[in-house]
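The sequence lines fix the lettering, A, B, ..., with proteins before strands; numbering per chain opens at 1. What you see is a predicted model, and the numbers here were worked out from it, not measured in a lab.
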Protein chains: 2
Amino acid sequence: MENRNTDCEAINIDIIEKVKPKMPEMNILCDLSDFFKVMGDNTRIKLLWALEESEMCVGDLSVLLDMTKSAVSHQLRVLRVAKLVKAVKKGKNVYYSLNDYHVKLILEKALEHVCE
Amino acid sequence: MENRNTDCEAINIDIIEKVKPKMPEMNILCDLSDFFKVMGDNTRIKLLWALEESEMCVGDLSVLLDMTKSAVSHQLRVLRVAKLVKAVKKGKNVYYSLNDYHVKLILEKALEHVCE
DNA sequence: ACTATAAATGAATAATTGTTCAATTGTGGT
DNA sequence: ACCACAATTGAACAATTATTCATTTATAGT
């Protein structure tokens, strides 16, 4: 038998067998939790919310959120890697904006949830 | 002047002043990121997905996800505290099920996002 | 009333992560 | 060509967190 990590026996095998084939692929579930992990940070949520209102450069975001430019830049990189924001250089500054139409929708649904 | 944490001056004061009043309350944003933090874990996503298919007891979830009962129980507690699942005792077992109609919707929207 | 066991719990460990600080990079404007 | 400065980067540190292991709790079924 393969190595098992679980430490107990099934109680309702029928339920387990019914649910098992309905579970999404492992890598999809990882992408999913990675996505939420990116959203699950106060600074990044603030950045996303701000960028939903207007594109902004790193310096302005630092002032708006009252954080160092470095901290903002680090978190913008996380959002950029996750493809949630995109960066465009204009003159001396780099302007960030939302890169995904899902984000706004998900933010709003989640807001409904937490506001109940 | 109050203590500032930012290390730079505003570049577009007009944009900052326009966006500032549109930002949600600080505690709302915290609730929001806390919510995503709960979703941002592979084990908990799997638990939620499984429970979307059927209510299940801790033992069956352990077998299905191939984890120790303890690890499952710890994570179910996180989900329970976050009011995402509820527990009902039936006979010898505790059956868990989804407790929020938003969760399924948000999971599906997020799945659309990561599947592109 | 006992007993077997499902579930919960707490402490400990390892891993991950956010911010700070200092230094570097790249380039717009003169 | 130079300078000023916006932005990025990397290392270090502190804080948070997921799992394991050992133990405890509660109670269903006899």
Side-chain angles (χ1 to χ4, degrees), chain A residues 3-12 15-16 29-30 33-34 36-48 55-82 85-97, chain B residues 3-12 15-16 29-30 33-34 36-48 55-82 85-97:
Chain A
N3 274 2
R4 275 164 26 121
N5 295 312
T6 185
D7 57 351
C8 66
E9 300 305 316
I11 292 163
N12 306 288
I15 294 183
I16 298 175
L29 288 174
C30 279
S33 57
D34 283 346
F36 286 121
K37 219 171 283 179
V38 171
M39 309 278 278
D41 174 80
N42 201 249
T43 297
R44 290 193 292 266
I45 282 287
K46 285 193 272 184
L47 285 170
L48 289 174
E55 67 168 17
M56 277 196 260
C57 63
V58 179
D60 285 344
L61 286 165
S62 307
V63 174
L64 177 66
L65 304 188
D66 193 34
M67 299 175 58
T68 63
K69 251 188 300 191
S70 177
V72 169
S73 183
H74 275 295
Q75 298 305 337
L76 283 172
R77 194 165 69 83
V78 175
L79 293 171
R80 195 154 21 90
V81 169
V85 304
K86 60 175 185 288
V88 175
K89 182 143 203 178
K90 288 185 186 176
K92 229 176 195 175
N93 309 309
V94 176
Y95 283 82
Y96 280 84
S97 57
Chain B
N3 274 3
R4 274 165 25 119
N5 295 312
T6 187
D7 57 353
C8 67
E9 299 304 316
I11 291 163
N12 305 289
I15 295 184
I16 297 175
L29 288 174
C30 280
S33 56
D34 283 347
F36 286 121
K37 218 171 285 178
V38 172
M39 309 277 279
D41 174 80
N42 200 251
T43 296
R44 290 193 292 267
I45 283 287
K46 285 193 273 185
L47 285 170
L48 289 174
E55 68 168 16
M56 277 194 261
C57 62
V58 180
D60 285 344
L61 286 165
S62 306
V63 174
L64 177 67
L65 304 187
D66 193 34
M67 298 176 58
T68 63
K69 252 190 300 195
S70 177
V72 168
S73 184
H74 275 296
Q75 296 306 334
L76 283 172
R77 193 166 70 82
V78 175
L79 292 171
R80 195 157 19 93
V81 169
V85 304
K86 60 176 185 290
V88 176
K89 182 142 203 180
K90 288 186 187 176
K92 229 177 196 179
N93 309 308
V94 176
Y95 283 82
Y96 280 84
S97 58

Exercise. Between the axis at one end of the helix from C:dA1-D:dT30 to C:dT30-D:dA1 and the axis at the other (five pairs apiece), what's the angle to 10 degrees?
Worked result: 50°
Seminar exercise, completed: Between CD of A:Q75 and C1' of D:dT9 the distance, given in whole Å, is 14 Å
For this session: Rounded off to whole Å, could you give me the NZ-to-C1' distance for the B:K37 and D:dA18 pair?
Result: 15 Å
Exercise. Within less than 4.0 Å of OP1 or OP2 of D:dA18, is there a side-chain N or O belonging to B:R44?
Worked result: yes
Problem set entry | Residue whose closest nucleotide on DNA chain C lies nearer the 5' end, A:G91 versus A:D41 | A:D41
For this session: Show the numbers, then the answer: is there a side-chain hydrogen bond (donor to acceptor under 3.5 Å, both in side chains) between B:Y96 and B:D60?
Result: CA-CA 11 Å; B:Y96 280 84; B:D60 285 344; over 6 Å; no
For this session: With heavy atoms under 4.0 Å as the rule, sort B:K90 into base, sugar-phosphate or nothing.
Result: nothing
Seminar exercise, completed: In whole angstroms, the gap separating P of D:dA7 from CG of A:L47 amounts to 13 Å
Exercise. Does B:E55 come within less than 4.0 Å of B:K86, counting only side-chain N to carboxylate O?
Worked result: no
For this session: Sequence neighbours left out, what pairs pass salt bridge (Lys or Arg N to Asp or Glu O under 4.0 Å) with at least one residue falling in residues 64-80 of chain A?
Result: none
Problem set entry | For B:T43, all residues meeting side-chain contact (heavy atoms from CB on, under 4.5 Å), sequence neighbours excluded | B:D41, B:L47, B:M67, B:Q75
Problem set entry | Interatomic distance where CE belongs to B:M56 and P belongs to C:dA6 [whole Å] | 17 Å
For this session: When you get a sec, tell me which of D:dT27, C:dA8, C:dT19 is the closest nucleotide to the side chain of B:K89?
Result: D:dT27
Problem set entry | Length of the line joining A:D7:CG and C:dA7:P, which is rounded to integer Å | 11 Å
Within the sub-3.5 Å range, which N or O atoms of nucleotides 1-6 of chain D have a protein N or O partner, and how far apart are they?
residue: D:dA6; atom: O3'; partner: A:N93; partner atom: OD1; Å: 2.9

Exercise. Do any N or O atoms from the side chain of B:R44 and from the backbone of B:K37 form a donor-acceptor pair under 3.5 angstrom?
Worked result: yes
Seminar exercise, completed: B:N42 atom CG is separated from D:dT17 atom P, nearest whole Å, by 17 Å
Exercise. Can you tell me how far the CG atom of A:D34 sits from the CG atom of B:N42, to the nearest 0.5 Å?
Worked result: 8.0 Å
Exercise. Who passes salt bridge (Lys or Arg N to Asp or Glu O under 4.0 Å) against A:K89, sequence neighbours left out?
Worked result: none
Exercise. Has A:Y96 got a side-chain N or O lying under 4.0 Å from the OP1 or OP2 atom of D:dT8?
Worked result: yes
Problem set entry | Presence of A:Y95 side-chain N/O under 4.0 Å of D:dA7 phosphate oxygens OP1/OP2 | no
Exercise. Between the side chains of B:T68 and A:D7, does any donor sit under 3.5 Å from an acceptor?
Worked result: no
Exercise. Rounded to the nearest 0.5 Å, what separation is found between the NZ atom of B:K46 and the CG atom of B:L61?
Worked result: 11.5 Å
Detail all sub-3.5 Å separations between protein N/O atoms and N/O atoms belonging to nucleotides 21-25 of chain C.
residue: C:dC21; atom: N4; partner: A:S70; partner atom: OG; Å: 2.6

For this session: Decide yes or no for A:C57 and A:V94: does some side-chain heavy atom of the first lie under 4.5 Å from some side-chain heavy atom of the second?
Result: no
Exercise. Atom NE2 of B:H74 and atom CG of B:L79: how far apart are they, to the nearest 0.5 Å?
Worked result: 13.5 Å
